[in-house]
Amino acid sequence: MTTSTDKTPPRENDPSPESVATQAREEAEETFDTSKTFADLGLPDDVLKGITESGFVHPTKIQASLIPAALAGRHVLGQAKTGTGKTAAFGLPLLAAIEPGDHFASLILVPTRELAIQVAQEIKDLGAGTPLHVLPVYGGQRITAQAPKLERGPEIVVGTPGRVMDLHERRMLPYDTVRVAVLDEVDRMLDIGFRDDIRKILGGMKQRPQTIFVSATISPEIEKLARSYMRDPVKIVSKEKSLTVARVKQSWINVERWDKRKMLHHLLVHETPELTVVFCRTKRTVDDVTKFLNRKDIAAHAIHGDLIQSQRNKVMERLRGGKLSVLVASDLAARGLDVDGISHVINYDLPEDPEVYVHRIGRTARAGRKGVAWSLVSPDQGDLLTNCEMLANIEIPQQVYEDFVPGTVPADVRAEKELAEKRVQAREASMKRTEAPPVKADDTAAFPGGIVPTKMPARRMQGKVRTRRR
DNA sequence: AAAAAAG
């Protein structure tokens, strides 16, 4: 049995056709600009053909504002939540602006290999009506396999930073021909490790190409980066109240650390989701959880950055082909991946970075569908949950599973608790022995808040605070 | 603190 402690009545009790239709319309209005069609945006006929063949009529809001600006040759810094068609927003103007034979006219940088494959495929599909070539380049595949494809001089290259730099150094990928440079998932690209690569690649383009940066969130650091590479940029910001779409039903479940696997198993068995992605914080946990589920006869597959690339590609193919029901993933899969039919996202651990939460749950409820996002939160992880709620600007309700039977407390945890209790008792006993000196009336008067000045030096206090946070 | 990306 499932009970929700949400104060508002559950949506399931209100499935009248009118309300469903209203909700659908509101959500469409939230994402799409129904007052416009792609034909209004100034795209050429051969590009429009690819769009109509893909079944699109109205652009999303980010597309409606980004496409005309990019077509006009402007530098664009665009923000929109996940799943609102950002790839097409920068891909369509590229397809429109680039002539066949314009070798290496555009370079698109993405943070993961899987995204390189996906973004390249999406632009290929959109450009089906044009003779342009799109090539993904990324690490983990042999350079010798890529060389002949690069020699043919594709107009658009989509790549991960490491391999792009490698190919450039081998003189197989020029920078000086690039007229439009795109940074996808900029917030992720500015992480330590990527930042310098990005600077090297963009800085290597002495001709100062038109730049398009897209990101789910725009931080001051992103603005700074944009200012240093862009001339007179257009900033496109979505005015949404929340960073997450309403179609995802989010909730959190209170569960002790040692009960998380059991709870995960309980959810997968009792709620029978169609296609689930389980996100874990470490590669090790991904492997452990996958093995655990396999032992319980659940056909779960793992994906993380330590698997060989062919294995990663194989798992992604299975996922896209609908031949997989549970994917256990590291944050490798958190961003951008657009796979149809992911009905559930489970956060086995909440991420330290709340932006990652927004990206993770954005894997579900794509293309106008609904989705469910559960987060397993142990009592000591409450602050992580609060961080996510604050960033996404939503209140996540708690879900209680009354028929879930918690496991026994592991021996080491029990021992630790007992030890902590003993320490407290010992401290109380010593406090009684050394009576605190009475506080003088003058001292308290200087601190109306009732705080008694401490004898501890300020520097030591800082140190203490710091150690407590870690 | 971890994960990703060049081998």
Side-chain angles (χ1 to χ4, degrees), chain A residues 107-120 136-147 150 157-173 175 183-202 204 215-216 257 260 277-290 302-313 315-316 327-337 347-360 362-363 375 377-378 380-381 383-385 387-388 466-470:
Chain A
L107 180 62
I108 300 166
L109 294 168
V110 295
T112 66
R113 297 167 181 178
E114 281 70 16
L115 266 181
I117 299 169
Q118 178 188 291
V119 168
V137 295
Y138 50 90
Q141 55 165 9
R142 268 197 283 277
I143 282 197
T144 47
Q146 251 157 40
L150 273 167
V157 175
V158 187
T160 47
R163 181 52 66 97
V164 164
M165 281 166 44
D166 194 357
L167 291 169
H168 178 70
E169 279 157 25
R170 290 165 195 258
R171 315 226 165 264
M172 294 162 80
L173 176 60
Y175 288 164
L183 271 197
D184 195 5
E185 306 280 351
V186 195
D187 41 1
R188 175 74 176 79
M189 296 291 245
L190 283 181
D191 280 4
I192 314 288
F194 273 134
R195 190 182 288 128
D196 290 348
D197 293 354
I198 296 304
R199 292 234 166 86
K200 242 181 235 164
I201 297 169
L202 292 179
S215 185
R257 220 173 260 279
K260 280 194 175 185
V277 181
V278 181
F279 283 105
C280 306
R281 205 168 54 95
T282 67
K283 294 183 268 206
R284 171 86 196 276
T285 318
V286 170
D287 286 334
D288 290 350
V289 168
T290 311
I303 192 164
H304 59 66
D306 275 359
L307 299 175
I308 56 166
Q309 193 56 40
S310 57
Q311 187 69 28
R312 279 165 63 167
N313 290 353
V315 173
M316 287 306 298
L327 178 71
V328 188
S330 70
D331 282 323
L332 163 69
R335 285 168 192 263
L337 292 187
N347 290 304
Y348 187 84
D349 302 299
L350 277 174
E352 296 282 335
D353 179 356
E355 280 187 20
V356 174
Y357 175 83
V358 173
H359 285 284
R360 283 179 176 184
R363 294 319 100 214
S375 298
V377 185
S378 58
D380 56 323
Q381 293 176 318
D383 50 341
L384 296 180
L385 182 71
N387 287 348
C388 296
R466 213 176 291 142
T467 48
R468 201 175 288 162
R469 258 193 214 147
R470 294 276 145 127

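Below, read A as the first sequence line, B as the second, and so on, with proteins coming before strands; counting in each chain starts at 1.
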How is Asp191(A) classified with respect to the nucleic acid when contacts are heavy atoms under 4.0 Å: base, sugar-phosphate, or nothing?
base
Spacing of [X] atom [atom1] relative to [N] atom [atom2], expressed in whole Å:
X         : N      : atom1 : atom2 : value
Leu337(A) : dA4(B) : CG    : C1'   : 13 Å
Ile303(A) : dA3(B) : CD1   : P     : 15 Å
Glu355(A) : dA3(B) : CD    : P     : 19 Å
Tyr357(A) : dA1(B) : OH    : C1'   : 21 Å
Lys283(A) : dA1(B) : NZ    : C1'   : 13 Å
Phe279(A) : dA3(B) : CZ    : P     : 14 Å
Met165(A) : dA4(B) : CE    : P     : 19 Å
Phe194(A) : dA6(B) : CZ    : P     : 7 Å

If only side-chain N and O atoms of [X] are considered, is one of them under 4.0 Å from the OP1 or OP2 phosphate oxygen of [N]?
X         : N      : value
Thr282(A) : dA1(B) : no
Arg281(A) : dA3(B) : no
Arg113(A) : dA6(B) : yes
Thr160(A) : dA6(B) : yes
Arg335(A) : dA5(B) : no

Answer yes when Arg188(A) and Asp191(A) have at least one side-chain N-carboxylate O distance shorter than 4.0 Å, and no when they do not.
yes
Hey, are Asp166(A) and Arg170(A) close enough for a salt bridge, meaning a charged N less than 4.0 Å from a carboxylate O?
yes
Among dA5(B), dA6(B), dA3(B), which nucleotide sits nearest the side chain of Arg312(A)?
dA5(B)
So, using salt bridge (charged side-chain N to carboxylate O under 4.0 Å, His left out) as the criterion, who are the partners of Asp184(A) when residues are at least two apart?
none
Testing the 3.5 Å rule here: is there a donor-acceptor pair between the side chains of Asp287(A) and His304(A)?
yes
For Arg195(A), which residues count as a side-chain contact (heavy atoms from CB on, under 4.5 Å) partner, sequence neighbours excluded?
Leu190(A), Ile192(A), Arg199(A), Glu221(A)
